[in-house]
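Throughout, a chain's letter reflects where its sequence line sits, starting with A, and its residues are numbered from 1.
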Protein chains: 2
Amino acid sequence: MLAGQNLYTACTIGNDTIMPRERTPRSPISSIDVARLAGVSQSAVSRSFSPGGSVSPAMREKVLAAAAVLGYRPNLIPRIMLSGRSRMIGVVVGGLDNPFYAAVLDHFAVVLRAVGLQVLLVQVPDALALDGALDQLAGYRVDAVVTALAVGTRQAATALSDLRIPIVCFNSRLTAPWISTVRSDNRAAGQAAAHLLADRGARRTAWLAGPRDSAATRARARGFLDGLAARALPAPVVIVGQDTYHDGYAAVRDLLRGHRPPEAFFCSNDMMACGAIDALRAHGLTVPGDVRVVGYDNIPQAAWHGYDLTSFDQQVDRMAEAALDLLTSALADPATAAKGRTRTVPARLVERGSTAPQAR
Amino acid sequence: MLAGQNLYTACTIGNDTIMPRERTPRSPISSIDVARLAGVSQSAVSRSFSPGGSVSPAMREKVLAAAAVLGYRPNLIPRIMLSGRSRMIGVVVGGLDNPFYAAVLDHFAVVLRAVGLQVLLVQVPDALALDGALDQLAGYRVDAVVTALAVGTRQAATALSDLRIPIVCFNSRLTAPWISTVRSDNRAAGQAAAHLLADRGARRTAWLAGPRDSAATRARARGFLDGLAARALPAPVVIVGQDTYHDGYAAVRDLLRGHRPPEAFFCSNDMMACGAIDALRAHGLTVPGDVRVVGYDNIPQAAWHGYDLTSFDQQVDRMAEAALDLLTSALADPATAAKGRTRTVPARLVERGSTAPQAR
DNA sequence: TTGTACGCGTTATCAT
DNA sequence: ATGATAACGCGTACAA
């Protein structure tokens, strides 16, 4: 098996051993090859491929013909050296098993490509593994880094700041030099959840929290508590999971063992909400008949008929656009890029069957 | 709004206008900066950062100290020019809304990083948009391309072959120079599905097909038909969707309108299978009581209690490893890389409640 | 062991 | 409009 062993070292050794004093056999065609074939200068080739290059139609045609014969494609790597800009954005994700993060990456890849930027993707198991990933990205001279990771620790923030390139975080709360944040209005959404459930007649509620260290989860909880207080409702029962379906299922199952069931659940994300619904049904309860459930993220599964889950849509498209906007303005103006900015996108409440009014 | 407009052009113009004769202001520190500070030669810096470089401990220490002061990180871009290898792999995906493809990308990013390769991600809406994406990847001189796209057309295959670098496809059936394929054993799985459903007593079955042009779907169908024939069962009713939940729901809903319900469904993927289950239940049927359902992919949602769906696990981890193996051997030996190879990974049947034996 | 000089493929500048 | 040349930052053969 090859995994785990560093291929780079292996290759270097291989080259040293097998072909000691041989220059790299360049299979990709270079502009000089095209120039030779066309009988023109290298600069003419370059100009023929540059949008604003001043070349006569005859010259251009001759060059393009030669290029087509050889299958030449301009090499962007030297351009990086000259311009100092790679036009690559490092995108750090931590697990695509959550459809929400998959959607974020999907949208973001699209908007970046639309403006001619590339995505250099790094997947890391958790924020602790961030450092190693950053070394790689720094080496490839990415122009900026975007991460959907919960950047909670100050150490991680420092590592990001040290790159001295624009950083854009999703739903982080950290403020540090170079770090901008685009976030959902978690607090307002939490309040809205409380009011919705109160409107539906629920008094005894439960809050199904996500990972403790996540700023997003904490903000949602605070908003929910505020909203309940504003309606003079008692504080919710609090149960905690990570952010997976199975955590949601297990947490609710355990709660139901000893407890009288709450009348409504607000869940930190949709995955856990789906788990909660299945646990409630496994316990013989109906949704929304006996219990109302609200989630967060509006993942595709929330719209599936089996769940029909009321949720808060983070409007991934708008967040991606906001992130792109932060990014491009930071790239255009390195002076202000050093002090990060924050953009808040409102979450849109999508009401579905899981909070339907009681039909008696 | 910035989207749609090419940032590169914009930047070039900006540079020409605002700072006409100024060389790029290099914010990243170069080895020459470190050399100057440490009072040594540039090569000494290079050697200090190379694994096998012959440097005295004193020299190395001096260099590393200076590098730490400046925050120097070796630039990998020139290395690309010298070695002719970027150590970047172009990964082309087409929509991460299907959790299966998200999982494929996730696993693949991990195994690539483990051997020190980078992922240059390109998301394309469909195989038709492939050409534009390939130009970008070619410009960045990726060492190879991996795609989970259904590369069906010969035109797409030609575009890939023309890159003259190793290509690895997932579940494609195309054979062309440079193109290797790693695929699930779709046909055997289709047969197994037929036998399983026959064992459960089903006679009248339905095949919920995915996109017409997908080689994977066709192979699964062929296997299913073979298996049914081997058990002397009638051919299935065939209904077709794209590959989404909503297609599966709609297709089954429409089928049930005019038809007596089949006793079992085999679905081209799990997303459609979930839609099928919900449509069956909306029609008042129970799963597995009235109807058995089998899916394909074993996405996380198949294990959710609400569906409890029997499915074929493509063993994404093994497919990712097989793809990496094809990739690394192709990179190591360009001679044989030109003729593609195929690797087949068996699909593992995961039996769940949706095909439970009838309890009478 | 350490320093010098060159080359990778392209773009920008300058001279023609 | 076209050609020649320098420069980007690093690795490396060669000289010292």
Other residues, nucleotides and ligands only: do more than 12 of their heavy atoms fall within 6.0 Å of OH on Y101(B)? no
In whole angstrom, what separates R85(A)'s CZ from dG9(D)'s C1'? 18 Å
Does S56(B) make a side-chain N or O approach to OP1 or OP2 of dT2(C) shorter than 4.0 Å? yes
Counting only side-chain heavy atoms from C-beta out, which of dG3(C), dT10(C), dT2(D) sits nearest to R141(B)? dT10(C)
5'-most contact on DNA chain D: Q42(A) or P78(A), nearest heavy atom basis? Q42(A)
How many whole angstroms separate atom CD1 of I80(B) from atom P of dT10(C)? 14 Å
Considering every strand and a 4.0 Å limit on heavy-atom distances, what is the contact class for V45(A): base, sugar-phosphate, or nothing? nothing
Are S30(B) and N75(B) close enough that some pair of their side-chain heavy atoms sits under 4.5 Å apart? no
Within this structure, what is the CZ-OG1 distance for the pair F170(B) and T147(B), rounded to the nearest 0.5 Å? 9.5 Å
Tell me: CZ of R79(A) to P of dG9(C), nearest whole Å? 16 Å
Do the side chains of Q123(B) and L96(B) get nearer than 4.5 Å, heavy atoms only? no
Interatomic distance where CZ belongs to F49(A) and P belongs to dA12(C) [whole Å]: 16 Å
M81(A) CE to dA7(D) C1', straight-line distance once rounded to whole Å: 9 Å
Reckon S54(B) touches a base, only the sugar-phosphate, or nothing at all at heavy-atom distances under 4.0 Å? base
Between P of dG9(C) and CG of L82(B), the distance in whole Å: 9 Å
Could you tell me the separation between the CG atom of D33(A) and the P atom of dT10(C), rounded to a whole number of Å? 9 Å
Starting at CG of N75(A) and ending at P of dC8(C), how long is that distance when rounded to a whole Å? 13 Å
Given the structure, check if the side chain of S50(A) and the base of dT11(C) hold any donor-acceptor pair shorter than 3.5 Å. no
Assess whether side-chain contact (heavy atoms from CB on, under 4.5 Å) is satisfied between I89(A) and V168(A), documenting all intermediate values. CA-CA 10 Å; I89(A) 307 298; V168(A) 177; over 6 Å; no
Distance check: side-chain N/O of Y140(A) vs OP1/OP2 of dG9(D), anything under 4.0 Å? no
Which part of the nucleic acid, if any, lies within reach of S31(B) when heavy atoms closer than 4.0 Å are counted: base, sugar-phosphate only, or nothing? sugar-phosphate
If you pin R47(A) and P74(A) to their nearest nucleotides in DNA chain C, which one's is more 5'? P74(A)
Please confirm whether any donor atom in the side chain of S46(A) sits under 3.5 Å from an acceptor in the base of dA12(C), or the reverse. no
